[in-house]
Amino acid sequence: MKEKSLERGVDGFLILLLPIAFAIVIFFTTWPLLLGLAIFSIGYKVWQYYQWQQWSRQVNPIFLQVIQANQGRIAPLDLAIKANLSAATAKYYLDSKAAEFGAQRQEYKDLGTVYYFITSSTLGSMLDKSEPLKELEPAKEKAQNAQQIASQSVKQAESLPLETVSAFSPTPNAPESATSIQLPQPDDTAVATEQSISHNQSQPLPQTLIQSELAKRLNVYSSTVYKRRDDPDFPEWTRSRDPDGISWGFSAETKEFYRI
């Protein structure tokens, strides 16, 4: 029984050894061909990369023009129309540029993939977000200070005894130079600022607003409006943040926001 099991083990080893030996023989006989194929594939990839670099230099000016015209936003269809490319080539080119410049991608049902590239001009228009809001803060503080001064003056007048007030009150026979109590007056600059704010709030709301104006009205950053203006739920989002509950939409032709 032991001899039979040993013979079976030797047969199994031989069955395994034969394919390995056959593969070694084929490798040593065909290694020059395999080496040639490897060198050819590496050279072909290098040639393809060189061709891609040369082709990209021709498309780059068109790509930059579209980016500047659309404020950093571009879709494969935009590049395909401008540069006369196929949809697959335009998407492959934009994917490489997105990886190179760190652009953001967003999927839309109607437009497909849209790429957002941040340039200095678009960043400048987006960074006007908090400056108007900061300008209103000193004006509000001055108006609040004026109200506090006026209320303190009234409280001081009410706290004076009646005898003191009557002593300083002019009598019919008293000269015109009689002493009178002068209450402190609020700051003229604060009152004028408060009046200008109330006047601006009483002005009628226009039918269209630019991005910075809508951002001030919704009390958000201008970049937030820029990112959400193409979302399907943008009107509902603006209605929830608008002080009057008004829904707003975005017009890509005029680059303005209109009332819905």
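Looking at Glu256 and Phe250, their side chains never come closer than 4.5 Å, going by heavy atoms from C-beta outward. Side chains of Ile260 and Tyr258 form a contact here, defined as non-hydrogen atoms less than 4.5 Å apart. Between Tyr93 and Leu85 the shortest side-chain heavy-atom distance does not fall below 4.5 Å. Residues Gln106 and Asp230 fail the side-chain proximity criterion, which asks for heavy atoms closer than 4.5 Å. Contact check for Leu218 versus Phe257: no side-chain heavy atoms found under the 4.5 Å cut-off. Two residues are said to be in side-chain contact when any heavy atoms from C-beta on lie closer than 4.5 Å; Arg241 and Trp237 meet this criterion.
The residues Asp244 and Arg217 are annotated as salt-bridged, a charged nitrogen and a carboxylate oxygen being separated by less than 4.0 angstrom. Looking at Lys216 and Glu213, no side-chain N of the basic residue comes within less than 4.0 Å of a carboxylate O on the acidic one, giving no salt bridge.
Residue Ile81 is not grouped with residue Val66 when hydrophobic side chains (ILVMFWY) are merged at heavy-atom distances under 4.5 angstrom, including chains of intermediate members. With hydrophobic clusters built from ILVMFWY side chains whose heavy atoms lie under 4.5 angstrom apart, Leu214 shares a cluster with Val220. Transitive grouping of hydrophobic side chains (ILVMFWY, heavy atoms separated by less than 4.5 Å) keeps Val114 and Leu77 in distinct clusters.
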Kindly determine whether Gln51 and Gln48 satisfy side-chain contact (heavy atoms from CB on, under 4.5 Å), including the steps that lead there. CA-CA 5 Å; Gln51 291 290 103; Gln48 279 187 332; 5.7 Å; no
Working for side-chain contact (heavy atoms from CB on, under 4.5 Å), residues Phe234 and Thr238: CA-CA 6 Å; Phe234 181 73; Thr238 55; 3.5 Å; yes
Run the side-chain contact (heavy atoms from CB on, under 4.5 Å) check on Asn70 and Asp78 step by step: do they pass? CA-CA 10 Å; Asn70 295 344; Asp78 297 332; 3.8 Å; yes
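Atoms CD1 and CD1, on Ile24 and Ile20 in that order, are 7.0 Å from each other to the nearest 0.5 Å. Taking NZ from Lys82 and CG from Asn84, the interatomic distance works out to 12.5 Å, rounded to the nearest 0.5 Å. Note that CD1 of Ile62 and CD1 of Ile67 are 13.0 Å apart. Values are rounded to the nearest 0.5 Å. How far CG of Leu94 is from OG1 of Thr89: 11.0 Å, rounded to the nearest 0.5 Å.
Closest approach of Lys97 to Phe117, counting heavy atoms only: O-CE2, 3.7 Å. Scanning all heavy atoms of the two residues, the minimum distance from Pro76 to Thr113 falls at CD-O, 3.1 Å. Shown here for Ala80 and Ser86, the closest heavy-atom pair between the two residues is CB-O, 4.4 Å. Taking both residues in full, the closest heavy atoms of Trp52 and Tyr92 are given as CH2-CD2, 3.4 Å, listed atom of the first, atom of the second, then distance. The shortest non-hydrogen separation linking Phe28 to Trp31 is O-CD1, 3.0 Å. Contact record, Ile26 with Thr29: O-OG1, 2.8 Å, taken as the closest heavy-atom pair.
The ring of Phe101 has its center no closer than 6.0 angstrom to the ring center of Tyr115.
Counting non-hydrogen atoms of neighbouring residues, nucleotides and ligands closer than 6.0 angstrom, the CD atom of Gln104 reaches no more than 12 such neighbours.
Between the side chains of Asp242 and Trp248, at least one donor N or O sits under 3.5 Å from an acceptor N or O. Counted by atom type alone, Ser222 and Gln211 present one or more donor-acceptor pairs between their side chains at under 3.5 Å.
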